2 protein chains.
Amino acid sequence: MPEDLDRTDRRILRLLQKDGRMANADLARKVNISAATCHRRTQRLFEANCIRAVRAQVAPDAVDLSTLAIVGVVLDRSTSDSFAAFEQAVRETPEILDCHLVAGDFDYFLKIRVRDMEHFNRLHATRLIVLPGVRQTRTFFVMKEVVDNRPLDI
Amino acid sequence: MPEDLDRTDRRILRLLQKDGRMANADLARKVNISAATCHRRTQRLFEANCIRAVRAQVAPDAVDLSTLAIVGVVLDRSTSDSFAAFEQAVRETPEILDCHLVAGDFDYFLKIRVRDMEHFNRLHATRLIVLPGVRQTRTFFVMKEVVDNRPLDI
DNA sequence: TAAAAAGTGGAACAATCTTTCATGCCTGAA
DNA sequence: TTCAGGCATGAAAGATTGTTCCACTTTTTA
């Protein structure tokens with residue numbers, strides 16, 4: 001699916017990653033191609049799904065979601081269905097921003113953003129530990145976000 | 001800094017979070033205000049830094065960054081300067097997409113994206129464990145990305 | 001080597017953004 | 001209650017930008 005990207009495509013990706021609203025004319029100038037070509041290239045990158053989406057990065061504080069936590073989860077190993085059930089439940093929980101199946105002492109790592117600790121506790125008690133197959137969780141509250149969601153190094 | 005957002009502002013944020021390139025006219029229609037008002041509102045959200053940036057989400061596979069790992073880090077507690085030095089070094093390492101200072105058994109959690117395990121091992125050996133004040137690291141390789149960087153629930 | 005396919009830039013056209021302006025709506029003071 | 005001030009709103013004009021067309025060049029394939 002992802003085709004070969006030349007130097008120009010990569011420069012477009014890098015620039016749109018920094019500013020997804022950059023005008024096509026500006027983009028073309030910075031990449032040293034004509035506006036028409038730049039437009040076609042960009043469109044192609046979208047159609048080839050090299051650019052999955054262009055999204056506004058909303059400041060969490062502005063929408064009252066200042067509390068961030070990382071949660072390690074261990075599942076019961078009984079059925080492999082429990083993994084699918086757990087993942088489906090995770091997808092239906094909007095507070096969970098990241099969920100990764102990992103190798104090691106945990107099965108999953110979750111990244112969760114909520115309003116405050118009280119909200120987290122409620123979420124944890126009523127929605128996390130009751131997720132399908134959850135045996136144990138360990139919560140790491142984030143005290144400082146040093147880097148969050150940095151653009152890829154293209 | 002983040003001012004009061006009414007229902008309309010929040011709807012704009014929610015929609016731009018899904019599609020940061022949505023035409024202003026479309027946005028206005030979906031939010032039931034005029035194009036002029038919508039434009040002003042959106043501009044205000046940018047100026048108030050409620051929208052930090054609009055960024056293209058590049059498919060990691062397309063740029064050969066398919067390997068994801070979560071790394072827990074423990075620092076020497078000796079000097080508090082070592083935390084600042086570590087964080088500065090992290091900021092200068094483009095492969096580190098996330099870095100959060102947490103409470104618990106680890107000091108930091110890192111999210112790292114590289115080409116493959118060989119690249120990760122080189123990064124780990126030559127750039128991670130030599131970061132200022134690092135005592136110990138534990139790596140969790142990601143086997144499946146269930147949810148990655150979901151938009152906020154506004 | 002030649003034909004076909006794909007990529008390129010300039011220019012015209014269409015669509016979009018941005019500003020202006022007159023109006024209406026709150027808020028607070030008299 | 002009444003009035004003035006500040007602020008937000010929508011319609012429309014003007015400025016900017018995106019999109020397509022075309023002739024031409026480069027690359028690929030047979």
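Letters A, B, ... are given to chains in the order of the sequence lines, protein chains preceding strands, and every chain is numbered from 1. These numbers come from a predicted model, not from an experiment.
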Validation: residues 126-136 of chain B side-chain donor-acceptor distances under 3.5 Å, sequence neighbours left out:
unit_1: B/T126; atom_1: OG1; unit_2: B/R122; atom_2: O; d: 2.8
unit_1: B/R135; atom_1: NE; unit_2: B/D76; atom_2: OD1; d: 2.8
unit_1: B/R135; atom_1: NH2; unit_2: B/D76; atom_2: OD1; d: 3.2

By side-chain contact (heavy atoms from CB on, under 4.5 Å), A/D19 pairs with (sequence neighbours left out) A/R21, A/M22

Identify each donor-acceptor pair in which a side-chain atom of residues 26-33 of chain B lies under 3.5 Å from a protein atom, sequence neighbours left out, and give them as a table.
unit_1: B/D26; atom_1: OD1; unit_2: B/R29; atom_2: NH1; d: 3.2
unit_1: B/D26; atom_1: OD1; unit_2: B/R29; atom_2: NH2; d: 3.4

- [ ] Considering just the side-chain nitrogens and oxygens of A/R41, establish if one lies under 4.0 Å of OP1 or OP2 belonging to C/dT8.
- [x] yes

query: Under 3.5 Å, is there a donor-acceptor pair between the side chain of B/D153 and the main chain of A/E95?
result: no

A/R55 meets the side-chain contact (heavy atoms from CB on, under 4.5 Å) criterion, sequence neighbours left out, with A/A53, B/Q57, B/N149, B/P151

Bounded by its outermost nucleotides with an atom under 4.0 Å from a heavy atom of chain B, the footprint on DNA chain D reads D/dT9 to D/dA11

Considering only NZ, NE, NH1 and NH2 on the basic side and carboxylate oxygens on the acidic side, decide whether A/D64 and B/R10 come within less than 4.0 Å. no

Correct closest heavy-atom pair for B/D61 and B/S66 would be OD1-OG, 3.3 Å

_Salt bridge flag under 4.0 Å for residues A/R52 and B/D148_ = no

Letter by letter from the 5' end, nucleotides 10-24 of chain C scores (B base, S sugar-phosphate only, - none; protein heavy atoms under 4.0 Å) B------SSBB----

